[in-house]
Amino acid sequence: MSVDYFNSIIKPMLLGAQMTVLLFLIVIVLSIPLGFILTLAVRSRFKPLSWLTQIYIYVMRGTPLLLQLLFICFGLPMIPVIGDYLVLDRFVAACLGFILNYAAYFAEIFRGGLLAIDKGQYEASQVLGLNKWQTMTRIILPQMFRIALPAVANESVTLVKDTALLYAVAVPELLHYAQTAVNRDFTIVPFFIAGIIYLIMTLLLTVLFKWLERRFKFD
Amino acid sequence: MVLIEVSNLKKSYGKLDVLKQITFDVNKNDVIAVIGPSGSGKSTMLRSLVHLEEIDGGSICISGDYLVKDGIYSKPQEIKRITSKMGMVFQHFNLFPHLTVKENLELAPRLVKKELNAEIERRSTELLKKIGLSDRASAYPAKLSGGQKQRVAIARALMMNPEILLFDEPTSALDPELTGEVLQVMKQLAEEHMTMIVVTHEMGFAKEVANRVIFMDNGEIIESGLPTEIFTNPKFERTKAFLNRSLK
Ligand SMILES: Nc1ncnc2c1ncn2[C@@H]1O[C@H](COP(=O)(O)OP(=O)(O)O)[C@@H](O)[C@H]1O
Ligand SMILES: [Mg+2]
């Protein structure tokens, strides 16, 4: 195998990897805050909101992400009357699907984080005179994010690998270019290259989260 | 001068009457030890004073202002102002684990009292010295022993300059060899005439430091008086039985 051949396939694959990274960043940046909002909605004292959110989370976690992506890309446009207005750009549709799905997972992670915080933290805050907002932002959330960090790290690594689902809705990403090269050139080298690129991405993420965990160890 | 007036305090959880007509006064500079068997309502009584529990009837008056009068609570803003006169030290410390010792001390004065940094730092330095932990200012609570944590919790409460300090079994979660250092700090506060209510199983402390002892059982104050009276000459059978059990 020549260096030239290697160069000729690595370029499109790196281009595909860009798509993967772009999707990853968009989904992480939007689904974490959305997930946190869902957590608050579940805990809302307004019961209908809490129930609806719980149903939403249950549906999102209880059905395959692939099904959700296919539904948004191909299902929505088939809805009578309004379907015509729901034809989204494939990448945009995919982002939407990922965000809606991952937000549900992050919501569960954050809910667990909140439950792990001792009620004594709220009581000490109250007796010291902190108001609800100060208690939430200064005492509860920092602890919640710290507790959630390992689970968020896990979920992020899963997201990197899940980006391969873009393949199914025909958004050209890393795996798409690998598969194309394999079919065209009758060689499995592109699969190995794809695997290595995924490994590099997950390794970087793992290192980043390990650093965050150490940085916020509080001892 | 009366700082706390509690009268006919009532509280129940469903059918369980946890506090039945609790009445007592606390004068300025009093150190009151509250003793009694587990489940007798000591914590509930103490927590009611700082509005961590809502009572069902009776009145609580803190240095002239009613927190709750005949079962009717004041407005939230008033409640906040009135309860801010009291500090509380919990059995399990409840330090903020994500903040250093110094940050634990300085957070509330900064956020709530909005005092000048220089004044806040002056006080935290002074209090750390007082509890003997100047060298641990930048440590996180996880790195401290139980006794050190509780001393920090006391300093954190003092940072708000409370008129009254409440303690709910401050040494019950500590290894026996660590209770002394906490009791020592409390004793020093008593000598400086801090007004304190201390729920405790430390009969030695109650005898030596308190100027009044309240014995509670089953949601009632059975008797209260000077430590010498209660410990050497209790009037009621229930008090005798409890003291016999706990002094053994
Ligand atoms: N949140 C609660 N719900 C129901 N019962 C409670 C609650 N908190 C306390 N109790 C009950 O109230 C009684 C008094 O409790 P507590 O004030 O903690 O007693 P003490 O501090 O003297 O041990 C106990 O019987 C306890 O089980
Ligand atoms: Mg108790």
Side-chain angles (χ1 to χ4, degrees), chain A residues 32-33 35-36 39-40 43-46 106 109-154 156 208-219, chain B residues 43 46-47 49-53 76-77 79-101 103-115 138-144 149 152-153 155-162 164-168 173:
Chain A
I32 286 182
F36 181 63
T39 304
L40 295 183
R43 289 164 55 93
S44 166
R45 254 176 299 186
F46 182 58
F106 284 124
I109 291 174
F110 294 146
R111 198 175 65 87
L114 283 183
L115 286 178
I117 296 172
D118 189 79
K119 77 177 192 340
Q121 295 289 305
Y122 296 90
E123 294 182 349
S125 305
Q126 184 187 327
V127 173
L128 285 168
L130 273 62
N131 62 33
K132 291 246 161 65
W133 173 254
Q134 291 166 334
T135 304
M136 215 34 173
T137 55
R138 299 307 195 97
I139 306 300
I140 304 305
L141 292 191
Q143 293 183 55
M144 181 199 79
F145 281 115
R146 179 61 190 86
I147 294 167
L149 208 47
V152 170
N154 250 326
S156 306
L208 170 71
F209 274 103
K210 283 283 170 254
W211 178 79
L212 281 175
E213 279 178 39
R214 240 179 304 118
R215 169 80 179 66
F216 295 105
K217 198 146 179 255
F218 306 133
D219 68 10
Chain B
S43 295
L46 206 62
R47 291 161 57 83
L49 299 180
V50 283
H51 198 231
L52 285 175
E53 306 284 350
Q77 244 4 63
I79 291 179
K80 200 161 176 178
R81 189 179 64 78
I82 294 166
T83 53
S84 76
K85 296 173 187 173
M86 290 170 284
M88 177 132 179
V89 174
F90 300 87
Q91 180 175 356
H92 293 107
F93 331 124
N94 298 348
L95 292 179
F96 303 130
H98 61 302
L99 302 179
T100 63
V101 165
E103 289 165 344
N104 263 279
L105 262 57
E106 297 181 353
L107 181 77
R110 214 160 258 149
L111 290 182
V112 180
K113 291 201 155 178
K114 305 200 164 64
E115 290 171 295
S138 54
Y140 285 99
K143 276 280 185 283
L144 303 180
K149 282 184 199 165
V152 172
R156 181 177 69 176
L158 289 172
M159 282 295 287
M160 298 301 278
N161 289 324
I164 305 149
L165 208 44
L166 313 179
F167 296 79
D168 193 1

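Letters A, B, ... are given to chains in the order of the sequence lines, protein chains preceding strands, and every chain is numbered from 1. All figures in this text were calculated on a predicted structure; none of them were measured in a lab.
- When heavy atoms are compared at a cutoff of 4.5 Å, B:Leu95 approaches chain A solely by way of its backbone atoms N, CA, C and O.
- Interface residues of residues 208-215 of chain A toward chain B, defined by a heavy-atom distance below 4.5 Å: none.
- Ranked by heavy-atom pairs under 4.5 Å with chain A, the first of B:Met160, B:Met86, B:Arg156, B:His92 is B:Arg156.
- Scored by the salt bridge (Lys or Arg N to Asp or Glu O under 4.0 Å) test, A:Arg43 finds no partners at all (sequence neighbours excluded).
- Here the side chain of B:His98 pairs a donor or acceptor atom with the backbone of A:Arg138 at under 3.5 angstrom.
- For the atom pair CG of B:Leu99 and CD1 of A:Ile139, the computed distance is 5.5 Å after rounding to the nearest 0.5 Å.
- Here the closest heavy-atom approach between residue B:Tyr140 and residue A:Phe218 is recorded as CB-O, 3.2 Å.
- Scored by the side chain to side chain donor-acceptor pair (under 3.5 Å) test, A:Thr135 finds no partners at all (sequence neighbours excluded).
- Both the backbone and the side chain of B:Phe96 come within contact range of chain A, judged by heavy atoms closer than 4.5 Å.
- Scanning residues 117-130 of chain A against chain B with a 4.5 Å heavy-atom cutoff picks out A:Asp118, A:Gly120, A:Gln121, A:Glu123, A:Ala124, A:Ser125, A:Gln126, A:Val127, A:Leu128, A:Gly129, A:Leu130, ordered by number.
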